[in-house]
Amino acid sequence: MIDFHGVTKRYGPVQALDGIDLRIEEAEFVALLGPSGCGKSTLLNLLAGFEAPSEGGIGFAGAAIGRPGPDRAVVFQDAALLPWLSVQDNVTFGPRMRGDAPAGYAARTAELLGLVGLQGFEDALPSQLSGGMRQRVGLARALVMQPRALLMDEPFGALDAQTRLAMQQLLLDVWQTLRTTVLFVTHDIDEAILLADRVCVMTARPGRILRDIPIDLPRPRSLALLTQPGFVAYKADIMQALHPGR
Amino acid sequence: MARDGTRLTGVPAEPRWRQPALAALRGASALALPLLILAAWQWAGGERGVLLGGALPTPLRVWEAWQAWAFGPVGMGLNAYSGTWLGAVLFSAGRVAQGFLLAVALAVPLGILIGWSRGAAALVDPTIQMLRPIPITAWLPFSIAIFGIRDFGAIFLIALGVFYPVVVNATQGAREVERNWIRAALMLGSGRMKILLHVVLPAALPAIFTGMRIGLGVGWTAVIVSEMVAVKSGLGYVLWDAYYVGRMDVVLADMATIGVLGLLTDRAILLLAGRLLRWRALAAHGGGR
């Protein structure tokens with residue numbers, strides 16, 4: 001479904017990514033985990049089509065990726081909602097720009113707003129919402145495009161701990177319903193194990209994939225998983241990989 | 001309701017009952033100094049109602065002159081200005097409106113384009129920057145030579161004066177659009193034109209309004225200057241004409257009229273901005289974040 005082969009990215013003299021090979025299957029939830037500056041967000045931006053790799057290529061659904069598009073919808077860390085549009089208008093922005101008839105997306109929009117818990121807030125402006133609610137809008141805005149893959153760039157990184165837990169549970173529930181392919185960038189070990197089928201641990205400068213760890217924990221999952229022995233074992237393994245010898 | 005600290009609209013600050021009282025107090029303190037100056041001026045004029053050997057009439061004399069100018073019978077009589085005030089106001093305001101709209105219609109798309117595209121910036125921006133230091137007053141002979149003693153000469157000058165601040169601010173506004181807003185629109189499948197219209201333009205609107213407010217001030221300057229020299233009607237024409245025939249009371253009433261019109265048109269733009277930029281006012285109140 002997604003296939004990075006030999007992807008290298010340089011910014012001038014700085015090598016951000018070095019020979020990344022990564023395959024992601026259809027309906028797989030993959031977390032990219034690493035310290036800040038390891039190039040994990042760069043990897044996501046390359047897949048989104050925001051930037052081009054210096055070397056190597058990226059395949060998506062059997063073809064080389066091109067310009068950014070709704071088949072690879074992105075959820076940004078700062079939500080990146082358009083502040084002058086209401087929740088409703090932010091979520092329907094993509095379909096409206098594409099020229100879809102309202103009848104074609106009205107039902108889907110209402111359903112998604114319900115799924116992310118935003119019914120009743122359709123007319124609110126982003127500045128009237130909390131950070132967690134803005135991310136729900138960002139998620140709904142991406143999902144309304146019915147993307148083949150969802151690219152999430154530290155979407156809960158700026159939220160407080162309680163809100164983050166609530167959003168993780170929400171994402172687990174949404175994913176259980178939709179089963180979209182997800183590439184999820186994070187620096188939070190718990191978050192990566194809780195959400196993903198596979199955790200790819202990255203090293204910093206130049207960014208390389210150090211370990212590729214399948215997370216064999218049953219679904220549907222919930223926050224209760226965070227304290228179970230199987231979860232803790234994965235956490236110990238990943239901490240060892242990130243901080244060897246400690 | 002969502003679980004994570006939901007809040008809708010935050011405009012708290014002052015308790016409600018105190019707001020009118022505070023506003024009244026602020027209004028009173030704003031008027032105190034002008035009233036004091038007017039009173040001193042009136043007092044200094046004394047019985048004769050003029051100062052400086054007749055050059056400066058007192059506020060009451062100016063007020064009487066304005067009343068005659070505004071409401072007196074038109075036509076024959078000793079007072080040539082009688083009843084012509086509204087006509088002069090409409091001439092000047094109409095020219096400002098035309099020049100302003102013409103300039104905004106050109107400067108907004110051009111500024112957005114310069115801010116958005118490096119190619120457009122390289123092509124057009126240097127020319128604008130080279131012409132911009134020429135004061136609009138220096139364009140006056142050029143304008144008369146090209147357009148003659150006609151309305152469009154004034155409108156051209158006004159448009160030129162409004163154009164620069166609007167184009168410069170629109171450019172700046174378009175340059176400072178958040179990168180992720182554009183990326184979000186891109187990944188949602190929007191094309192270039194749609195992004196310009198639905199992301200860059202609304203994002204640049206606060207800067208464009210700043211430019212329009214500055215531009216409007218320049219526009220009023222331009223209309224007065226060109227009416228004094230090139231066009232035979234409007235507040236600028238009356239201003240110069242009244243000076244020549246020694247009617248300083250009319251000159252001052254004219255100045256006051258221009259000031260009030262400038263203030264009112266600025267308020268009108270602020271009101272429009274308040275409507276269109278409601279999202280920004282809400283964001284500034286720190287809702288959420």
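Just so we're on the same page: letters track the sequence lines, and every chain starts at 1.
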Reported [atom1]-to-[atom2] distance for the pair [X] and [Y], which is rounded to 0.5 angstrom:
X       : Y       : atom1 : atom2 : value
R72(A)  : M187(B) : CZ    : CE    : 11.5 Å
H198(B) : L85(A)  : NE2   : CG    : 10.0 Å
E178(B) : F76(A)  : CD    : CZ    : 11.5 Å
L205(B) : W84(A)  : CG    : CH2   : 9.5 Å
F93(A)  : L188(B) : CZ    : CG    : 7.0 Å
R183(B) : N45(A)  : CZ    : CG    : 4.5 Å

Handout entry: Beyond-backbone contact of Q77(A) with N180(B), side-chain heavy atoms, under 4.5 angstrom
Key =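 No; the side chains remain at least 4.5 Å from each other.
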Exercise for the section: Please tell me if the side chains of P83(A) and W181(B) come closer than 4.5 Å, counting only heavy atoms from C-beta onward. Expected result: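 A side-chain contact exists here, since the closest heavy-atom pair is under 4.5 Å.
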Contacting moiety of [X], where chain B heavy atoms sit under 4.5 Å:
X       : answer
L81(A)  : backbone
A48(A)  : neither
F50(A)  : both
D160(A) : neither

Exercise for the section: Give a yes or no on whether R179(A) atom CZ has more than 12 heavy-atom contacts from other residues, nucleotides or ligands under 6.0 Å away. Expected result: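 Correct, the count exceeds 12.
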Problem - Neighbour count >12 (heavy atoms, 6.0 Å) for atom CZ, R219(A) - result: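 Enclosed.
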Problem - For A80(A) against A184(B), the heavy-atom pair lying closest together - result: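 So the two residues come closest at O-CB, 3.9 Å.
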